[in-house]
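Encoded as C-alpha cells, the structure appears first; notes follow it.
Computed from heavy atoms alone, side chains included, the values below leave out hydrogens, waters and symmetry copies. Keep in mind that what you see is a predicted model, and the values were worked out from it rather than measured.
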Amino acid sequence: MYRLEDLNPVQQEAVKYREGPLLILAGAGSGKTRVLTHRIAYLIAQGVEPWEILAITFTNKAAQEMRERVGALTGSAGRGLWVSTFHSACVRILRQEIGYLPGYAHDFVIYDSNDQKAVVKTCLKECNLDEKKFPARAVGAVISEAKNKLWNPADFEERAADYFQEQAAKVYRLYHKKLKASNALDFDDLIMLTVILLGQNPEVLERYQERFRYILIDEYQDTNYAQYSLVKMLAGRYRNLCVVGDDDQSVYSWRGADIRNILDFERDYPEAKVLKLEQNYRSTQSILQAANSVVGNNRERKEKLLWTENPQGSPLVFYAADDEHDESRYVVERIQRLHNLEGRPFNDFAVLYRTNAQSRVLEERLMKEGIPYRIFSGHKFYERLEIKDILAYLRVLANPADKVNFSRILNVPKRGLGDAASAKVLEYAEEQNMPVLEAVLEAEYIPELQPRARKSLLAFARLMKDLKELAQAEKSVTKIAEEILSRTGYKDLLSADNTTESQARLENLAEFLSVTAEYDLKAHENKPLEDEFGVEYIPGLNGFLEQVSLVAETDQLDQREAAVILMTMHSVKGLEFPVVFVVGMEEGIFPGSRSQLEPGLVEEERRLCYVALTRAREKVYLSYADHRMLYGRRQYNRRSRFLEEIPYNLLNEKDPSDPPARQASKKAGNVEYGSRTPAAGMPASAFGSPARKLGTPLVANNQEDFLVGNKIGHDKFGQGIIMAVKGKGRETILTVNFQGQLKQIATEYAKITRL
C-alpha cells in the first residue's frame, strides 16, 4: 500500500491534484516515476476505474518499471490499466480499429528500420533515382519526418522546398503504396494512422475519450507533433491530462521532438496547474550546482533550480589531455584506480561521448587493460543476419502479403532462386492482386521462368504451405521457429560449416529460441490474454512479432552486469551511475560544429550536457584533448564552452583518489584548465589571446612567482613564454612556448630564470 507521507510536499500536491490539466516540471532525479505511480494508485483509491487511466512513457523498460511499481501499490485493483509506450498503445488501438481505414487489415505487420530501408531502395530504383545522390537512409529520414508532421504523400509533395524533397515526395508516394500492398506499417505509421483514424471517425474517438478519462504522459518534452496531436485528441473531452517532463532534458529534436510542446503547455491548457519538482534525490550538491550553472545559460527554458539534501560531495575532476589516446589512458586509469582502491564494481562506471566514433580508442584501451565493458553501437541483436532471417520467415507466415521479407527468404538458404525469379513472382502477385506467398503456389503459371527455377519455387511453396498450416495451428512460437530452422535446412547448413562464425550464429539462434520460450511462457501463464496491469500476451505468432517490433536497444541494458558502460549522451538519458566520465569536451565536438551555426541547436547541446552531468550520483570526470584524430583528420579544438560555464570552485584538476606522488608526476599533456595548446611549430598567437585564468595558480621557484605570460630563460631551450601554470609549490608544472615549440617544465628541477 502506498503512503503519501513518504512524498515531499510538492510531490504530494502533484499526486492529489485530480481534475483538470496538470504540468509537472520534473528536474533530473526528482522522483517523477514515483509521483506518476503514486498518482495512478491515488486515482484508483479515489474510485477511478483502472481501465479509465492511460499512462504513456517512451521506452518498454520505463513502462515495465511503472507497471511493477503500480502493481506493488495497488495489487489486483490495478487490473485493466494501460501502461505502455506510444507505439504499443497505438498498436493496441489499430489492432481493434484499423478496419475503419480502407485498405488495411487487422493482421498487419510492423516493418523495422532495415525493412523500411529495403522498401525505400526498391522505390528509388523504380523512380530511376541514383542512390548516390539520394541515399536510402536520407530519403527514409525525410519520409519519417513528414509522417511525424502528419503529412501524407500529397501534403509532402505540396510542401517540397527543393529538388531533393520533390524527388523524395515521389518516393514517399510509392513507398506508401508498397507498404499498404504488403499490409505493413512502419513505426511512424503506428502513430500517424491512429491520429488519422481518430480524426476521421468521431464515434471511435469518442469511445476512446470516454475510456481514457485520465491520461498521464511521461517525458512530455520528447513528444513530436504526431504524438502531441494524439494526446490532445484523446484528452479533448475531459482535459484530465497530466504531463510530466523536463524542458532541460529535451535533446531529441533531430528525431522530431518539439520542445515547444512542453514550453507552450499553458497556452494549450490555460487552466493548467503547474508544479515544479526541484528536489533531487540522486546526485551530490556539487554535481547539481555544476549542472544548474551550465543549463542556466539557455534562454528557452522554464526556470527551475535543482537542489538536494545529499552531501556537497567532491568537486568535479577535469583533465586536459594531449590527445585522444592520453584521454583514454586517463579514463581507464581512473576506473582501474577506483575499482582497486574503493572496491567499486565495473558497472559503477559510465563513459559518455557525443558521437559513436569517439568510442574506438576507449575500447582499445579497455581491452588492453582487460577491463570488461559494454558498448551500445554496432549490430543490435535483432539486426544480426541470422536473426533477421528467422524473423523474416515468421513474418511471411504471419502476413503472406509481406513482399520485403518474402524477397529476403526466397533464396535463404540458397535454392538457386536469384533476383530475376523473385522479381517475376512479385510481378505476378501484383498483376493477379494476390499475396506473394499465394503467387508462389502458382509458379507453374508464372511466365518466363526457367524450369529449374519453377521447380525450386514449387518446392519452396510446399514448404511454406506446410509451415503456414503449422503456424495457424500451433500456439508455441518456439515450436514454429524450431520447425523453420529444421525444415529449411538453415540450422544444418550452419552446423555443417563448423566455423567460428557459424558457431556464433548458431548461438545467436539459440538465444532467439530463449526469447520465444520466454514469450510462450508468459502467454501460457497469463489468461485471459491481458495481465493485471494491461500487458497483452497474445499467444501465437502475431503477438510475438508485435512485441519484437517494439523492442528498443536500451531496453536490453542490464546495469547489473559487471562491465563499464560506454554510450552516447543521447543513449544515457533515463539512466544513472555512481561515476560518470564525460569525454571530448571540445568546441566542434561538444557542442558539435553544426550546432554552432544555430543558437537553438547550441541550447539543445547544452541540455545534453545537463543530461550527462545529472546521470552521476557521486563523481564526475570531465576531459578534453589538445588535439585528436577524428574522422580521419587531426583536429585542434578549444575546450568546450560548457566546461567554462561551470564555476571554478566546483572543479578540481587533481583527483582525490591520486596519491601525492601521482599528482606531482602527471603527463605533459595535462595542462592548466583553460589552456589551449598550439601544435608544434605554431606560434602561440595562432589561437589569439591567452586563455582566461579560472583561478590564481601562482607558483614559486626560489621564492619567485611565475604567471601566464611571463618570459623565462632555460639553459637548454633558450627564451620562452609561459602559456599555462599547473600545480603549486614543488609540484608546479609550466607549459612554455620556446619559439613555437611547447615544453613542459617542472619548476622543482628545471634551471629557469625570469626575464
Side-chain angles (χ1 to χ4, degrees), residues 86-87 90 93-94 97-98 100-104 108 110-111 113 115-202 204-205 222-234 236 252-261 264 267-268 404 430 594 597-598 600-601:
F86 270 106
H87 292 102
C90 288
I93 293 173
L94 291 173
E97 317 291 354
I98 201 169
Y100 283 90
L101 296 176
Y104 290 98
F108 60 84
I110 303 170
Y111 277 0
S113 58
D115 296 328
Q116 293 171 249
K117 187 177 178 182
V119 179
V120 170
K121 281 190 171 186
T122 301
C123 294
L124 287 168
K125 188 175 181 180
E126 293 185 20
C127 291
N128 295 316
L129 293 173
D130 184 354
E131 197 176 337
K132 292 181 180 179
K133 297 180 180 178
F134 297 89
R137 189 176 299 277
V139 174
V142 169
I143 294 173
S144 176
E145 183 180 359
K147 290 187 177 185
N148 287 335
K149 294 176 180 177
L150 300 178
W151 293 352
N152 61 32
D155 295 329
F156 189 34
E157 285 178 351
E158 185 178 333
R159 291 172 170 84
D162 53 37
Y163 180 73
F164 184 91
Q165 290 191 0
E166 289 173 359
Q167 301 309 307
K170 295 178 182 177
V171 175
Y172 181 12
R173 183 174 292 279
L174 185 56
Y175 173 82
H176 174 73
K177 179 181 177 182
K178 287 184 177 294
L179 256 64
K180 198 167 184 180
S182 295
N183 193 29
L185 310 182
D186 63 23
F187 272 86
D188 300 312
D189 285 330
L190 295 177
I191 298 174
M192 180 178 179
L193 289 183
T194 303
V195 173
I196 292 173
L197 167 73
L198 298 177
Q200 293 180 353
N201 299 276
V204 179
L205 174 60
D222 292 336
T223 53
N224 59 34
Y225 179 72
Q227 293 161 339
Y228 161 84
S229 300
L230 175 65
V231 171
K232 194 171 184 181
M233 293 174 77
L234 290 174
Y252 294 129
S253 67
W254 49 275
R255 68 183 190 194
D258 188 350
I259 192 174
R260 304 308 315 178
N261 291 346
D264 294 341
R267 179 201 64 190
D268 294 333
V404 170
E430 190 165 341
R594 178 174 170 269
L597 301 175
E598 299 181 40
L601 292 182

**Request:** Any chance you could measure S113, atom OG, to F187, atom CZ, to the nearest 0.5 Å?
**Result:** 8.0 Å

**Message:** Quick check on E126: does its CD atom have over 12 non-hydrogen neighbours (other residues, nucleotides or ligands) under 6.0 Å away?
**Reply:** yes

**Message:** Contact between Q200 and L101 at the side-chain level, heavy atoms closer than 4.5 Å - yes or no?
**Reply:** yes

**Complete:** Taking every heavy atom of L150 against every heavy atom of A226, the minimum-distance pair comes out as CD2-CB, 3.6 Å

**Request:** Using modelled atom types only, decide if a donor and an acceptor are shared between the side chain of Q165 and the backbone of A161 within a distance under 3.5 Å.
**Result:** yes

**With L124, the side chain to side chain contact (heavy atoms under 4.5 Å, CB included) member among E131, K170, K133** = E131

**Request:** Check whether any side-chain heavy atom of Y104 lies under 4.5 Å from a side-chain heavy atom of L193, and answer yes or no.
**Result:** yes

**Prompt:** Around K121, counting heavy atoms of other residues, nucleotides and ligands shown, do more than 12 lie under 6.0 Å from its NZ?
**Reply:** no

When the side chains of residues 139-148 are checked against the rest of the protein, which donor-acceptor pairs come out under 3.5 Å, sequence neighbours left out?
from, atom 1, to, atom 2, distance (Å)
S144, OG, D188, OD1, 3.4
S144, OG, D188, OD2, 2.7
E145, OE2, K149, NZ, 3.3
K147, NZ, D186, OD1, 3.4
K147, NZ, D186, OD2, 2.8
K147, NZ, D189, OD1, 2.8
K147, NZ, D189, OD2, 3.2
N148, OD1, N224, ND2, 3.4
N148, ND2, S144, O, 3.4

**Asked** What do you reckon, is CZ of R137 surrounded by more than 12 foreign heavy atoms closer than 6.0 Å?
**Response** no

**Request:** Determine yes or no for a side-chain-to-main-chain donor-acceptor pair under 3.5 angstrom, with D264 supplying the side chain and N261 the backbone.
**Result:** no

**Item:** Sidechain-backbone polar pair: N201 side chain, V204 backbone, donor-acceptor under 3.5 Å
**Value:** no

**Side chains of T223 and D258 in contact at under 4.5 Å (non-hydrogen atoms)** = no

**Request:** List for me each residue that meets ring-ring contact (aromatic ring centres under 6.0 Å, His included) alongside Y225, sequence neighbours excluded, and say none if there are none.
**Result:** none

**Prompt:** Atom CD1 of I259 and atom OH of Y252: how far apart are they, to the nearest 0.5 Å?
**Reply:** 13.5 Å

**Request:** Check whether any side-chain heavy atom of Q167 lies under 4.5 Å from a side-chain heavy atom of C127, and answer yes or no.
**Result:** no

**Request:** Kindly give the heavy-atom pair with the smallest separation between V195 and S229, and that separation in Å.
**Result:** CG1-CB, 4.5 Å

**Pairs touching residues 133-170 that satisfy ring-ring contact (aromatic ring centres under 6.0 Å, His included), sequence neighbours left out** = F134-F164

**Prompt:** How long is the span from the CD1 atom in I191 to the NE2 atom in H87, to the nearest 0.5 Å?
**Reply:** 4.0 Å

**Message:** Once rounded to the nearest 0.5 Å, what's the spacing between atom OG of S253 and atom CD of E598?
**Reply:** 9.0 Å

**Asked** Got a second to check how far Y111's OH is from K178's NZ, nearest 0.5 Å?
**Response** 10.5 Å

**Message:** Can you tell me how far apart CG (L205) and CG (L197) are? Round to the nearest 0.5 Å.
**Reply:** 9.0 Å

